[in-house]
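Below is one structure; the comments refer to it alone.
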Amino acid sequence: MKGIEYRGVSSVDGPIVIVHRSENVFYGEIVAVRDRNGQKRTGRIIDISKEYAVVQVFGSTTGIDLHESSVEFLDTPMELRVGDGLLGRIFNGLGEPIDGYPAIMSSKKQNVNGYPINPYARVYPRDFIQTGISAIDGMNTLIRGQKLPIFSGNGLPHNKLAAQIIRQAKILNSDESFVMVFAGMGIKYDVAQFFINTFEQSGVLSRVVMFQSLADAPSIERIITPRCALTAAEYLAYEKNMHVLVVMTDMTNYCEALREISTTRGEVPGRKGYPGYLYSDLAELYERAGKIKGSTGSITQIPILTMPNDDISHPIPDLTGYITEGQIVLDREMSQKGLYPPVSGLPSLSRLMKDGIGTGMTREDHKDVSSQLFAAYSKVKSIRNLAAIIGEEELSEVDKMYLHFGDKFENEFLCQDEYEDRTIEQTLDIGWKMLAMLPRSELYRIKPEYIEKYMPESVV
């Protein structure tokens with residue numbers, strides 16, 4: 001029966017409490033655990049056997065006595081209160097207000113675990129999002145409803161890049177603006193404050209919902225944080241018909257918390273100690289992005305993850321790459337040269353780019369320019385490796401042109417100020433300026449009529 005407190009628990013191991021189960025308990029149910037002083041802690045059921053239920057407590061289990069503590073099954077899943085008062089608020093990782101204001105006035109609650117979207121109800125993402133960043137708009141275009149992660153490393157400016165995207169993102173040919181949902185998992189206080197200051201200075205704070213699980217919060221809280229954020233995003237997108245941009249940082253901290261819980265539960269580890277269900281768990285989060293029929297709203301996701309040891313083959317970026325529609329990869333060598341944003345030209349990819357560019361969306365020459373820039377920059381990498389062996393003076397004249405192109409491309413096309421907001425036309429024009437440094441015979445991926453129309457006059 002619900003509403004009954006059961007005296008005593010069977011064992012306590014870190015954040016995991018094992019209790020005798022009552023009838024009709026269910027996976028994901030919220031549980032109230034009280035210690036001998038009556039202090040209440042919230043937890044949820046993460047495993048059930050015939051006699052026992054495994055409860056994951058959000059917070060410290062210090063003071064929970066095996067005999068004097070009590071457990072109450074609340075007959076409800078983890079829920080987030082949603083309503084018109086969400087925007088402009090700051091919550092902790094469990095959806096509780098931490099901005100000094102009371103809880104929002106609403107009787108509506110939604111299950112934070114979400115519901116799978118029927119694939120038939122999904123609308124294919126097509127609308128181009130202009131971020132004002134040439135490395136993204138020109139070569140790795142972000143599409144409304146897409147999930148495009150940023151693969152970074154410790155110390156690289158991924159937060160600065162995410163903040164710039166949030167400030168500048170807009171849908172062309174539309175007056176509709178974005179609202180932002182920010183989820184911080186295990187982030188330091190200065191990172192959280194950086195985003196708050198950025199939102200205030202750019203005037204978008206009133207259109208942002210923030211969920212912060214700081215580094216000093218219980219690591220278990222990080223499991224719920226992105227789910228609360230995505231629940232808020234789903235409410236704003238599918239019930240209020242808003243365009244929602246969700247930034248989640250740092251997914252590596254989330255996966256570390258998942259590994260911690262898995263180890264505590266004694267589960268058989270998978271690659272590098274992460275649980276075998278890491279792929280499906282990440283997919284639960286990432287697949288909550290998109291557009292659905294019957295709603296003009298959308299959810300676009302930008303998860304940020306720091307690759308351990310800058311290893312792109314690590315399980316977290318590896319599995320993320322399988323689920324998402326591309327990735328923006330930041331390069332440490334470019335960052336050390338002082339280039340911002342240090343977007344690595346070749347490993348970065350947007351799989352939905354082809355469906356959101358071209359006539360009527362960006363510009364007719366976008367696809368050809370992007371393809372030619374990729375091909376030319378790829379050749380630059382090969383020539384740089386060759387020059388390191390035989391010396392630059394032994395290269396052919398065309399190869400030297402490519403080296404010059406590579407330096408200019410990195411310093412003028414990929415590199416820009418963090419407050420510089422380029423239109424897609426400006427980005428493509430800079431791309432043409434770069435390609436003008438190469439012989440006409442090398443521009444084999446661009447239609448001749450585009451060369452005649454867009455190539456700078458001084459070169460043609």
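Numbers here are sequence positions counted from 1.
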Passing candidate, side chain to side chain contact (heavy atoms under 4.5 Å, CB included) with Leu339, options Asp331, Leu414, Asn411: Asn411
Passing candidate, side chain to side chain contact (heavy atoms under 4.5 Å, CB included) with Leu236, options Ile299, Val179, Thr231, Val246: Val179
How about [X]: does its [atom1] atom have over 12 heavy atoms from other parts shown lying under 6.0 Å from it?
X      : atom1 : value
Glu449 : CD    : yes
Lys272 : NZ    : no
Asn309 : CG    : no
Tyr101 : OH    : no
Lys188 : NZ    : no
Lys170 : NZ    : yes
Lys354 : NZ    : yes

Worked verdict on Lys447 versus Asp365 for salt bridge (charged side-chain N to carboxylate O under 4.0 Å, His left out): CA-CA 9 Å; Lys447 295 177 182 177; Asp365 58 323; over 6 Å; no
Trace of the side chain to side chain donor-acceptor pair (under 3.5 Å) decision for Asp137 with Thr427: CA-CA 8 Å; Asp137 292 349; Thr427 289; 5.0 Å; no
Geometric class of the Tyr454/Trp432 ring pair [parallel <30°, tilted 30-60°, perpendicular >60°]: parallel
Plane angle bin for Tyr377 and Phe409 - parallel if under 30°, tilted between 30 and 60°, otherwise perpendicular: tilted
Distance-only polar pair, side chains of [X] and [Y], donor-acceptor under 3.5 Å:
X      : Y      : result
Glu260 : Ser219 : yes
Glu442 : Tyr402 : yes
Tyr254 : Asp281 : yes

For the student: nearest non-hydrogen atoms of [X] and [Y], plus distance:
X      : Y      : answer
Thr296 : His243 : O-CE1, 3.3 Å
Tyr286 : Pro303 : CE2-CG, 3.5 Å
Glu287 : Lys147 : OE1-NZ, 3.6 Å
Pro218 : Gly59  : CG-CA, 3.4 Å
Gln426 : Thr423 : OE1-N, 2.9 Å
Thr225 : Ser213 : OG1-CB, 3.3 Å

If we ignore hydrogens and angles and just use 3.5 Å, is the side chain of [X] paired with the main-chain N or O of [Y] as donor and acceptor?
X      : Y      : result
Ser371 : Arg445 : no
Gln372 : Tyr444 : yes
Glu29  : Pro77  : no
Asp368 : Ile446 : no
Ser280 : Tyr277 : yes
Arg384 : Leu403 : no
Glu420 : Asp417 : yes
Gln201 : Thr198 : no
Glu221 : Gly93  : yes
Ser202 : Arg167 : no

Trace of the side chain to side chain donor-acceptor pair (under 3.5 Å) decision for Ser295 with Asn241: CA-CA 6 Å; Ser295 172; Asn241 294 315; 3.0 Å; yes
Taking the six-membered ring of [Y], is the NZ or CZ of [X] close enough (under 6.0 Å from the centre) and on axis enough (within 45°)?
X      : Y      : value
Lys293 : Tyr120 : yes
Arg259 : Tyr274 : yes
Lys160 : Tyr340 : yes

Val244 vs Thr300, side-chain contact (heavy atoms from CB on, under 4.5 Å): CA-CA, chis, key distance, verdict: CA-CA 6 Å; Val244 186; Thr300 305; over 6 Å; no
From CA spacing to verdict: salt bridge (charged side-chain N to carboxylate O under 4.0 Å, His left out), Asp250, Arg222: CA-CA 10 Å; Asp250 179 345; Arg222 299 172 197 168; over 6 Å; no
Worked check of salt bridge (charged side-chain N to carboxylate O under 4.0 Å, His left out) between Asp318 and Arg271: CA-CA 11 Å; Asp318 187 34; Arg271 290 169 59 192; 3.1 Å; yes
Side chain to side chain, Phe211 and Leu94, heavy atoms closer than 4.5 Å: no
Minimum side-chain heavy-atom gap Gln168-Thr131 below 4.5 Å: no
So, taking the atom named [atom1] in [X] and the one named [atom2] in [Y], what distance separates them when rounded to the nearest 0.5 Å?
X      : Y      : atom1 : atom2 : answer
Met307 : Ile312 : CE    : CD1   : 5.5 Å
Ile220 : Arg44  : CD1   : CZ    : 9.5 Å
Ile98  : Met210 : CD1   : CE    : 8.5 Å
Asp421 : Gln416 : CG    : CD    : 8.5 Å
Leu443 : Leu438 : CG    : CG    : 6.0 Å
Ser335 : Leu156 : OG    : CG    : 5.0 Å

Salt bridge flag under 4.0 Å for residues Arg363 and Glu425: no
Passing candidate, side chain to side chain donor-acceptor pair (under 3.5 Å) with Ser298, options Lys291, Gln146, Arg144: Arg144
By salt bridge (Lys or Arg N to Asp or Glu O under 4.0 Å) - contacts of Glu79 (at least two apart): none
Side chain to side chain donor-acceptor pair (under 3.5 Å) evaluation trace for Ser262 with Glu267: CA-CA 6 Å; Ser262 174; Glu267 295 174 340; 2.7 Å; yes
From CA spacing to verdict: salt bridge (charged side-chain N to carboxylate O under 4.0 Å, His left out), Arg89, Asp99: CA-CA 7 Å; Arg89 298 299 305 273; Asp99 53 6; 2.7 Å; yes
